[in-house]
Amino acid sequence: MNTIEAIQNAFASRTGGFPHLAEALRQAGVVQNIWDLPGCQSIFITKDDAVVMQNPPLISGMAAVPTFDESALIRALRTDQAGQTTFPEFLEGAWQAGVVRYIVDFNKRTVTYFGVFGEAYVEEYPAAE
């Protein structure tokens, strides 16, 4: 199975929230996922290759980059983790909290969120059962 098919299968088989999707992607051979906001470009990296996925952007034209606000990011994370937002709503919340990029490390089970001036917030996620 090629990387694109493996990623598509991981998304299709996902139940139980992000930790389960993360585990499905890890089992598909993905070691890292990089999201760039507000363009919503996602790159899935395996040990052998990489796949890019372009999603609808959050903005069009020119806009000010929001100031990095760790408290607002944590609120967006907890709201999403409680199942109270869709994934696009989570991305919008992260952007409004000043996140311009985040990187998921599937081996360490961490997500690192970055602001435009190098600010960072790291969150661990639990292993899927």
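For the pair Val104 and Gln32, the minimum side-chain heavy-atom distance is 4.5 Å or more. Residues Leu77 and Tyr113 form a side-chain contact, since some pair of their non-hydrogen atoms from C-beta on lies under 4.5 Å apart. Here the side chains of Phe18 and Asp80 are not in contact, with every heavy-atom distance at 4.5 Å or above.
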Report all side-chain donor-acceptor pairs from residues 64-76 shorter than 3.5 Å, counting only partners two or more places apart or in another chain.
{"from": "Asp69", "atom 1": "OD1", "to": "Ser71", "atom 2": "N", "distance (Å)": "3.1"}
{"from": "Asp69", "atom 1": "OD1", "to": "Ala72", "atom 2": "N", "distance (Å)": "3.1"}

Donor-acceptor pairs are to be reported for all side-chain atoms of residues 38-54 against protein atoms at under 3.5 Å, with residues two or more places apart or in another chain.
{"from": "Ser42", "atom 1": "OG", "to": "Asn33", "atom 2": "ND2", "distance (Å)": "2.8"}
{"from": "Ser42", "atom 1": "OG", "to": "Trp35", "atom 2": "NE1", "distance (Å)": "3.3"}
{"from": "Thr46", "atom 1": "OG1", "to": "Asp48", "atom 2": "N", "distance (Å)": "3.1"}
{"from": "Thr46", "atom 1": "OG1", "to": "Asp49", "atom 2": "N", "distance (Å)": "2.9"}
{"from": "Thr46", "atom 1": "OG1", "to": "Asp49", "atom 2": "O", "distance (Å)": "3.1"}
{"from": "Thr46", "atom 1": "OG1", "to": "Asp49", "atom 2": "OD1", "distance (Å)": "2.7"}
{"from": "Asp49", "atom 1": "OD1", "to": "Thr3", "atom 2": "OG1", "distance (Å)": "2.9"}
{"from": "Asp49", "atom 1": "OD2", "to": "Thr3", "atom 2": "OG1", "distance (Å)": "3.0"}
{"from": "Gln54", "atom 1": "NE2", "to": "Gly39", "atom 2": "O", "distance (Å)": "2.7"}

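In this structure, Glu119 and Phe117 approach most closely via the heavy-atom pair OE1-N, 3.0 Å. Taking both residues in full, the closest heavy atoms of Thr86 and Glu89 are given as N-OE1, 2.7 Å, listed atom of the first, atom of the second, then distance.
Taking hydrophobic clusters as Ile, Leu, Val, Met, Phe, Trp and Tyr residues chained together by side-chain heavy-atom distances below 4.5 Å, Tyr125 shares a cluster with Val30. Cluster membership for Val99 and Ile34, using ILVMFWY side-chain heavy atoms within less than 4.5 angstrom, is not shared. Note: the hydrophobic cluster containing Val122 does not contain Val100 (ILVMFWY, side chain heavy atoms under 4.5 Å, direct or indirect links).
Counting non-hydrogen atoms of neighbouring residues, nucleotides and ligands closer than 6.0 angstrom, the CD1 atom of Ile4 reaches no more than 12 such neighbours.
Looking only at atom types and distance, the side chain of Tyr121 has a donor-acceptor partner in the side chain of Glu123 under 3.5 Å away. Side-chain polar atoms of Asp105 and Thr110 form no donor-acceptor pair below 3.5 angstrom.
Atoms CZ and CG, from Phe114 and Leu37 in turn, are 12.5 Å apart once rounded to the nearest 0.5 Å. In this structure, the separation between CG on Leu25 and NE2 on His20 is 13.0 Å, given to the nearest 0.5 Å. In this structure, CG in Asn55 is found 11.5 Å from CG in Asp36, a value given to the nearest 0.5 Å.
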Trace of the side chain to side chain contact (heavy atoms under 4.5 Å, CB included) decision for Val31 with Asn107
CA-CA 6 Å; Val31 295; Asn107 293 323; 3.9 Å; yes

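Every side chain to side chain contact (heavy atoms under 4.5 Å, CB included) that Gln84 has, sequence neighbours left out, goes to Thr79, Ala82.
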